[in-house]
Amino acid sequence: MSYCRQEGKDRIIFATKEDHETPSSAELVADDPDDPYEEQGLILPNGDINWNCPCLGGMASGPCGEQFKSAFSCFHYSTEEIKGSDCVDQFRAMQECMQKYPDLYPQEDENDEKSSKDLEAASMEASAAKEEKASS
Amino acid sequence: MPCGRSDRWNVPPDLQLSRQVASKGVPGQKGSNSVFVLIMGLSTLGAGAYVYKTLQDSKERYASRLARISRQSQDSADAAPQDTAAPSPDPKVPSHVPFLLIGGGTAAFAAARSIRARDPGARVLIVSEDPALPYMRPPLSKELWFSDDPDVTETLRFKQWNGKERRYMALQPPSFYVPVEDLPSMENGGVAVLPGKKVVHMDVRGNTVKLNDGTQISYDKCLIATGGSPRNLPAIERAGKDVQKRLTLFRKIEDFRRLEKISREVKSITIIGGGFLGSELACALGRRARTRGLEVIQLFPENGNMGKVLPEYLSNWTTEKVRREGVNVLPNAVVKSVSVSGNRLVIKLKDGRKVETDHIVAAVGLEPNVELAKSAGLEVDSDFGGFRVNAELQARSNIWVAGDAACFYDIKLGRRRVEHHDHAVVSGRLAGENMTGAAKPYWHQSMFWSDLGPNVGYEAIGLVDSSLPTVGVFAKATAKDTPKSATEQSGTGIRSESETEAEASEVQISQSSSPMPQVPKQGEDYGKGVIFYLRDKVVVGIVLWNIFNRMPIARKIIKDGEEHEDLNEVAKLFNIHED
């Protein structure tokens with residue numbers, strides 16, 4: 001049985017699992033999908049892409065933001081049978097840009113990222129050792 | 001003879017009548033009038049005195065705030081005489097930027113990102129007093145302390161609850177940013193950071209600012225995101241240099257580095273303050289207490305940890321948990337004075353108790369950095385502090401304020417100022433949107449969270465003030481309901497990220513073995529649940545106690561602003577018994 005007690009102005013209810021399994025009678029206000037104030041998802045009500053969507057992370061705002069927007073827009077509005085097949089150039093440009101910033105755009109998943117970082121560290125060490133040798 | 005009333009009065013009946021009548025005041029109109037007038041007069045006087053006192057208090061608060069600000073700016077001016085002595089404007093800095101962001105914290109970063117997303121090719125300059133690139137603060141009092149890496153103060157790497165390592169504190173690595181001198185010429189614009197510089201003067205009519213090295217920058221749109229500085233206790237300020245040497249005011253990366261080092265060198269640390277920062281640091285240090293024999297004391301004026309946030313029963317329960325993390329918690333403690341004796345600090349409390357310790361961490365609140373208000377002619381709020389802005393975070397035509405320093409109008413909950421990470425993200429993002437023409441009010445409620453060790457964690461949204469009436473609905477906790485398991489399930493890394501950057505991926509409900517049934521113990525009544533904070537029967541704040549990934553429904557309930565007769569029914573929407 002759920003029970004409750006009052007401690008001053010604070011009420012405490014201990015609810016059993018069975019009690020909470022019955023449907024709630026609380027009424028929620030229906031959401032307006034066109035609410036201009038509301039945080040929008042990836043696609044806005046008018047069909048445009050919301051570049052400020054938190055789900056995109058920093059993709060649209062970083063150094064390769066323009067390339068990303070161009071590629072993704074092309075894909076979004078593509079009417080080809082294979083969607084986005086007419087956007088190869090934009091995607092390639094985006095890829096090229098992202099390769100210049102491996103810190104920002106990890107190319108592979110976590111494991112590969114770790115090994116590529118190790119490679120980076122190793123190559124830095126090697127070049128440092130080379131420099132030392134050259135200067136001595 | 002029967003005892004009549006007239007006998008008791010010992011007054012002849014005719015006289016008695018007139019006296020009784022006189023005392024009631026009916027025929028004596030003058031008498032009753034004067035009494036009435038007297039009462040009215042007194043209450044008016046009383047009301048007047050009350051109003052006068054309130055105004056005076058508010059004036060005093062305002063005046064003391066301004067005094068403290070000017071004292072602080074004096075101190076910082078004294079501390080850096082070379083800057084004011086010989087101004088040497090930096091030639092690298094562009095003389096004009098379209099978007100100028102003052103302050104290099106989370107709010108400024110979120111605004112920069114928002115501006116760039118909406119205005120292609122935007123050029124954004126962040127001027128930051130901190131030498132570090134924009135970073136997030138929550139790990140400074142949480143994850144960084146639980147790292148097993150002995151070099152953590154150098155690398156600032158930390159393992160998240162689920163074992164995944166995060167490489168850096170910075171919100172983006174250096175390659176995200178454009179060099180300051182290249183900003184005007186970059187084809188697609190970018191975000192540049194000018195670290196270690198302070199904006200000391202703002203000319204709102206001329207749309208220019210001046211830095212501490214004399215550099216002048218003009219702007220089209222400006223965001224003030226200067227955050228705040230940790231407050232200090234007057235008792236400590238009076239105490240002198242020997243005490244100040246043994247004091248940490250915790251806010252920045254270097255404070256973490258310094259405190260981490262000190263925690264390995266001293267025998268006893270005392271944290272003054274029982275709010276979020278104080279309690280988190282206490283738990284973090286308490287963990288070290290057990291492995292390294294460090295004494296950790298936490299003292300504060302309230303009755304229990306988070307006394308201003310959680311209802312009393314829950315604050316008491318939390319205090320016990322903090323004690324179990326190895327902290328010697330002293331509630332109802334008000335500091336009277338601090339002095340040095342031998343090589344130790346002696347804290348004298350107002351009730352006569354004495355605490356001996358080696359180092360103090362003061363976590364007693366944040367003073368918003370509003371020094372620019374004077375030169376800019378911007379309004380400072382006398383109730384909450386900070387720059388006063390409207391519902392769209394705008395102070396004046398081309399000036400917005402976001403983050404800890406913004407006292408803004410929340411359409412749902414009223415005027416407020418919020419000092420949490422997610423608010424910095426939400427308000428920064430909104431300011432960025434409005435700086436690029438959106439004209440949107442603060443609408444998406446920000447949330448906050450706190451963990452007290454690995455076994456107690458909560459998320460909250462809205463006005464979470466313990467002085468409000470609350471209704472708490474609880475179930476029994478199982479081993480699965482800890483912050484640890486929340487991130488293990490969602491696999492997104494630190495909870496700060498999983499909340500602020502809504503992941504598109506689905507949350508996997510773990511298929512592992514069913515939870516171990518726990519025998520209900522006396523001390524475990526409040527294992528998990530949801531607490532509603534009410535104002536006139538409307539839910540204005542919600543705390544999700546040891547249940548996670550339910551923030552959207554909480555946000556919805558606050559947004560609706562409906563009166564609910566039975567909050568147990570509302571609680572059902574949260575599925576508190578499930579994982």
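Neither the backbone nor the side chain of B/I531 comes within contact range of chain A; no heavy atoms are under 4.5 Å apart. Looking at B/T436, neither its backbone nor its side chain comes within 4.5 Å of chain A, counting heavy atoms on both sides. Proximity to chain B involves both the backbone and the side chain of A/T22, based on heavy atoms less than 4.5 angstrom apart. Proximity to chain A involves both the backbone and the side chain of B/A571, based on heavy atoms less than 4.5 angstrom apart. Using a 4.5 Å cut-off between heavy atoms, B/E565 does not touch chain A at all. When heavy atoms are compared at a cutoff of 4.5 Å, A/N50 does not approach chain B at all. Interface remark: A/E38 contributes backbone and side-chain atoms alike to the contact with chain B (heavy atom separation under 4.5 Å).
Within a 6.0 Å radius of OH in A/Y37, no more than 12 heavy atoms belonging to other residues, nucleotides or ligands are found. For CD of B/E187, the number of neighbouring non-hydrogen atoms (other residues, nucleotides, ligands) closer than 6.0 Å is 12 at most. More than 12 non-hydrogen atoms from other residues, nucleotides or ligands lie less than 6.0 angstrom from CD of A/E7. No more than 12 heavy atoms of other residues, nucleotides or ligands shown are found within 6.0 angstrom of CG on B/D536.
At a heavy-atom separation below 4.5 angstrom, chain A is approached by B/P311, B/E312, B/Y313 within residues 306-316 of chain B.
Put simply, of A/S25, A/C64, A/A60, the one with the most heavy-atom pairs under 4.5 Å next to chain B is A/S25. By number of non-hydrogen pairs under 4.5 angstrom with chain A, the leading residue of B/G121, B/A110, B/P120, B/A122 is B/P120. Ranking B/L567, B/L468, B/V191 against chain A, the residue ahead of the rest is B/L468, based on heavy-atom pairs under 4.5 Å.
Of all non-hydrogen atoms in A/P63 and B/F176, the two that sit nearest each other are CG-O, 3.8 Å. Minimum interatomic distance between B/S175 and A/D103 (heavy atoms only, all atoms of both residues): OG-CB, 3.4 Å. In terms of heavy-atom proximity, B/I557 sits nearest to A/L28 at CG1-CD2, 4.1 Å.
Contact of the B/R118 side chain with the A/S61 side chain is not registered, since no non-hydrogen atoms from C-beta on lie closer than 4.5 Å. Annotation: side chain of A/L104 is in contact with side chain of B/P173 (closest heavy-atom distance under 4.5 Å). Looking only at side-chain heavy atoms (C-beta outward), A/F14 and B/V473 stay at 4.5 Å or farther from each other. For the pair A/D19 and B/K572, the minimum side-chain heavy-atom distance is below 4.5 Å. B/R113 is not listed as a side-chain neighbour of A/N52, based on a closest heavy-atom distance of 4.5 Å or more.
With hydrogens and angles left out, the side-chain atoms of A/K9 and B/T470 include no donor and acceptor closer than 3.5 Å.
Judged by distance alone, with hydrogens and angles left aside, the side-chain atoms of B/H577 form no donor-acceptor pair with the main-chain N or O of A/E18 at under 3.5 Å. The backbone N or O of B/V471 lies less than 3.5 Å from no partner atom in the side chain of A/R11, so there is not a single donor-acceptor pair. The backbone N or O of A/V29 sits less than 3.5 Å from a side-chain atom of B/K556, completing a donor-acceptor pair. Side chain of B/E569 to main chain of A/A26: no donor-acceptor pair is present (N/O by atom type, distance under 3.5 Å, no hydrogens or angles).
Contacts of A/C4 classified as disulfide bond (SG atoms under 2.5 Å apart), with partners at least two apart in sequence or in another chain: none.
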